[in-house]
Amino acid sequence: MLEQASYDELFERATDQVQNRFLMSILLAKRVNQLRNGAEPLVETKKTDTKEEVVFREIIEGKLEWTDNRNESDEVSLDENSIELNTED
């Protein structure tokens with residue numbers, strides 16, 4: 001488990017795994033929504049962890065995979081419907 005880090009530090013560490021900040025925002029939003037709807041975290045958590053902190057740690061520890069479903073004509077547009085999260089181990 002990662003030591004206690006600020007939200008900004010977690011974001012910066014996560015950008016090592018996901019270089020596109022727009023993609024990061026979509027991944028974060030989709031995964032937070034999954035956790036709020038009952039999905040199990042893929043990393044150890046504490047009761048004080050926010051859903052966002054959990055998702056950042058999942059990204060940093062390489063626990064999240066995603067698929068880019070855009071086709072070549074959609075190369076410029078990136079939205080929540082073009083990214084699919086794969087959280088199965």
Side-chain angles (χ1 to χ4, degrees):
M1 180 188 254
L2 293 171
E3 69 279 354
Q4 190 65 28
S6 74
Y7 182 86
D8 289 337
E9 290 171 328
L10 289 171
F11 183 84
E12 288 305 316
R13 287 184 192 174
T15 58
D16 290 341
Q17 301 293 323
V18 182
Q19 289 79 30
N20 183 315
R21 291 176 184 251
F22 297 109
L23 174 58
M24 175 85 75
S25 297
I26 292 169
L27 293 173
L28 182 67
K30 282 191 151 203
R31 183 63 179 145
V32 164
N33 190 45
Q34 288 178 347
L35 291 172
R36 286 186 178 144
N37 288 322
E40 291 294 320
L42 303 174
V43 294
E44 284 185 44
T45 62
K46 297 182 283 190
K47 290 183 181 186
T48 57
D49 289 339
T50 66
K51 303 286 191 239
E52 292 80 6
E53 289 171 323
V54 172
V55 175
F56 280 133
R57 287 203 322 272
E58 289 177 340
I59 292 170
I60 292 164
E61 293 180 23
K63 303 290 184 177
L64 277 185
E65 295 180 12
W66 55 91
T67 304
D68 186 344
N69 294 323
R70 295 176 293 166
N71 61 37
E72 290 179 25
S73 65
D74 294 335
E75 192 169 328
V76 177
S77 81
L78 182 64
D79 64 22
E80 65 181 63
N81 296 319
S82 62
I83 302 299
E84 180 179 320
L85 280 174
N86 309 312
T87 56
E88 302 280 328
D89 279 340

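A quick note: this is a predicted structure, and the numbers were derived from the prediction, not measured.
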Item to complete: Please name all residues satisfying side chain to side chain donor-acceptor pair (under 3.5 Å) with Asn37, sequence neighbours left out, ordered by chain then number.
Response: Asn33
Item to complete: Drop me the distance from Trp66's CH2 to Leu23's CG, to the nearest 0.5 angstrom.
Response: 6.0 Å
Fill in: Thr50: side chain to side chain contact (heavy atoms under 4.5 Å, CB included) partners, not counting sequence neighbours
Glu52, Glu53
Worksheet, complete the sentence: Separation between NZ (Lys63) and CZ (Arg57), nearest 0.5 Å, reads 11.5 Å
Discussion item. Would you compute the distance between atom CG of Leu10 and atom CD1 of Ile60 and round it to the nearest 0.5 angstrom?
Written reply: 5.0 Å
Worksheet entry | CG-CD distance between Leu42 and Glu58, expressed to the nearest 0.5 angstrom | 4.0 Å
Item to complete: Working to the nearest 0.5 Å, report the span between CG of Leu35 and NZ of Lys30.
Response: 14.0 Å
Item to complete: Enter the distance from Thr45:OG1 to Lys51:NZ here, rounded to the nearest 0.5 Å.
Response: 8.0 Å
Discussion item. I'd like to know if the side chain of Glu12 reaches the main chain of Glu9, judged simply by a donor and an acceptor atom lying under 3.5 Å from each other, with no hydrogens or angles considered.
Written reply: no
Worksheet item: Of all residues at least two apart in sequence or in a different chain, which pass the side chain to side chain contact (heavy atoms under 4.5 Å, CB included) check with Gln34?
Response: Arg31, Ala39, Leu85, Thr87
Worksheet entry | Check: Arg21 main-chain N/O paired with Ser25 side-chain donor or acceptor under 3.5 Å | yes
Discussion item. Are Ile59 and Val18 packed together at the side-chain level, in the sense that at least one heavy-atom pair is separated by less than 4.5 angstrom?
Written reply: yes
